[in-house]
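We count residues from 1, following the sequence as given.
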Amino acid sequence: MTTSNTTIQTRYAETDQMGVIHHSQYLIWCEIGRTDFIEKLGFSYAQMEQDGLLAPVTEVNLQYKQALRYPETAHISTWLSDYTGIRATYAYTISNDKGQVCVEGTTTHVVVTADRFRPVSMKKVAPEWHRVYENEAQKRDKL
């Protein structure tokens with residue numbers, strides 16, 4: 001199973017009044033991790049959009065386990081946790097420098113055409129992505 005590991009140096013501007021990373025920042029970091037994961041598989045969001053496809057978020061689930069504070073480093077692990085051919089769910093673990101899990105979660109996405117904005121089968125509109133995602137799902141199922 002492919003996992004992307006992304007490191008982000010926290011910035012003071014990302015904190016709340018208590019010096020804790022603001023909860024909204026984690027969703028941005030998930031996007032950074034997801035983009036890195038997709039690139040690790042050999043694809044890019046930019047090319048997807050040039051091909052007339054988009055991947056909107058349909059569901060977000062984040063569980064906050066422990067505060068991450070400035071100036072700690074955020075370590076984001078990202079992998080494909082579920083794939084149906086229509087929906088892809090990415091899982092995330094965000095840890096601090098000590099390896100303590102601060103946030104766990106998932107985001108679910110569908111692929112739509114830019115002109116109609118209706119979900120479409122990845123097998124039909126992006127067969128190479130589908131093949132790789134199916135392979136990732138099979139690797140996950142063997143664990």
With hydrophobic residues grouped by side-chain heavy-atom distances under 4.5 Å, do Val57 and Ile32 end up in a single group?
yes
Determine whether Val20 and Val103 fall in the same hydrophobic cluster, where Ile, Leu, Val, Met, Phe, Trp and Tyr are linked whenever their side-chain heavy atoms lie under 4.5 Å apart.
no
Is Glu134 paired with Arg131 through a side-chain N to carboxylate O contact shorter than 4.0 Å?
no
Under a 3.5 Å threshold, yes or no: a donor from one side chain and an acceptor from the other, between Asp97 and His75?
yes
Is Val120 linked to Leu54 within one hydrophobic cluster, defined over Ile, Leu, Val, Met, Phe, Trp and Tyr using a side-chain heavy-atom separation of less than 4.5 Å?
no
Hey, is Arg11 close enough to Glu14 for a salt bridge, meaning N to O under 4.0 Å?
yes
Fit a plane to each ring of Tyr83 and His130, take the angle between them on a 0 to 90° scale, and name the class: parallel (under 30°), tilted (30 to 60°) or perpendicular (over 60°).
tilted
Would Glu136 and Thr2 count as having a side-chain donor-acceptor pair, cut-off 3.5 Å?
yes
Can you confirm whether the side chains of Thr73 and Gln9 place a donor and an acceptor under 3.5 Å from each other?
yes
Among Arg34, Glu104, Glu31, find the one that has a side chain to side chain contact (heavy atoms under 4.5 Å, CB included) with Tyr92.
Arg34
Given Gln100, which of Gln66, Lys65, Glu72 fulfils the side chain to side chain donor-acceptor pair (under 3.5 Å) condition?
Gln66
Partners meeting side chain to side chain contact (heavy atoms under 4.5 Å, CB included) with Ser24 (sequence neighbours left out):
His22
Hey, are Asn5 and Ser77 close enough side-chain-wise for a donor-acceptor pair under 3.5 Å?
yes
